[in-house]
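Along the sequence shown, the residues carry numbers beginning at 1. When a ligand or atom number is given, it counts from 1 through the structure's own listing order.
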Amino acid sequence: MAGSAGPEIERLIGLLAKLPGMGPRSARRASLALLKRRDQLLLPLAEALSVAAERVKTCSVCGSLDTQDPCAICSDPQRDASLICVVEEVGALWAMERAAAFRGRYHVLGGLLSALDGMGPDALRVGPLIARAGEPQVLEVVLALPATVDGQTTAHYLAERLAGANVAVTMLARGVPVGGELDWLDDGTIAQALRARRPA
Ligand code: ZN
C-alpha cells in the first residue's frame with residue numbers, strides 16, 4: 001500500500017496499526033501526534049520501548065512479565081504461597097492486582113483452550129501449573145478464567161487435571177458477568193467474586 005507519508009512514517013503507522021484497538025486511521029492520528037510532540041512523546045516513548053524490549057521478561061515460575069525472574073510477586077515472601085490464582089493472560093493478573101483482593105501467587109496460562117482456534121493444552125502453560133499444584137505448600141488453586149465458553153471449557157479441563165493433586169480447586173463466583181473478561185471488570189466486582197469463590 002503506497003502511503004502519502006514517507007516510508008519511515010508509513011512504517012511507524014503500519015506498526016502502530018497492529019496494536020489492539022488500533023486501526024489504520026487511529027494509527028495515522030497517533031503517528032502524527034507522536035511526530036508533532038517529539039520531545040514530550042516521541043523520544044520518551046522510543047526510550048520506554050527500548051527499555052521494555054531490553055529488560056522485561058517472562059517469569060519462569062508464573063508466566064507474568066517483569067524486569068526480574070522470578071517476578072516480584074513470585075519472589076515476595078509476604079505473598080501466600082499456598083494459593084495459586086490461574087488467569088488467562090497478564091492483563092487479567094494486572095486486573096486482580098488492581099483489585100488488591102488476592103494475596104496469593106499467580107499462574108498465567110497464556111490463553112484458553114479453543115477447538116475453533118486450534119488451542120490445545122500443549123499450547124498453554126498447563127504442564128507447569130500441574131507441577132506447581134503438586135508442590136507441598138500449595139493448598140488451593142483458584143481458577144479466575146473468563147465466563148465465556150472457552151473460559152469455562154478451560155476451567156473444567158483444569159479442574160479434571162488438578163483432581164490428582166492434593167489441592168482444593170475453586171472458581172470465581174458469578175459476580176463475573178457471562179462473557180466477562182477480567183480486564184474489563186471494576187475492582188470491587190473482582191474482589192467480590194474472589195471472596196465468594198466456590199469449588200470448581
Ligand atoms: Zn512470577
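Remark: Ile9 engages Ala5, Ile13, Leu35 in a side chain to side chain contact (heavy atoms under 4.5 Å, CB included) (not counting sequence neighbours). The side chain to side chain contact (heavy atoms under 4.5 Å, CB included) check on Ala101 picks up Ala191, Leu194, with sequence neighbours excluded.
The set of protein atoms (N, O or S) found at less than 2.8 Å from the Zn ion (ligand 1) reads Cys59 SG, Cys62 SG, Cys71 SG, Cys74 SG, by chain and number.
With hydrogens and angles disregarded, no donor-acceptor distance shorter than 3.5 Å links the side chain of Glu47 to the backbone of Leu42.
Note that CE of Met119 and CG of Leu112 are 7.5 Å apart. Values are rounded to the nearest 0.5 Å.
Here side chain to side chain donor-acceptor pair (under 3.5 Å) pairs that include residues 57-78, with residues two or more places apart or in two chains, are Ser60-Asp69, Gln68-Ser75.
Of the candidates Leu129, Leu93, Leu65, Leu93 is the only one forming a side-chain contact (heavy atoms from CB on, under 4.5 Å) with Val108.
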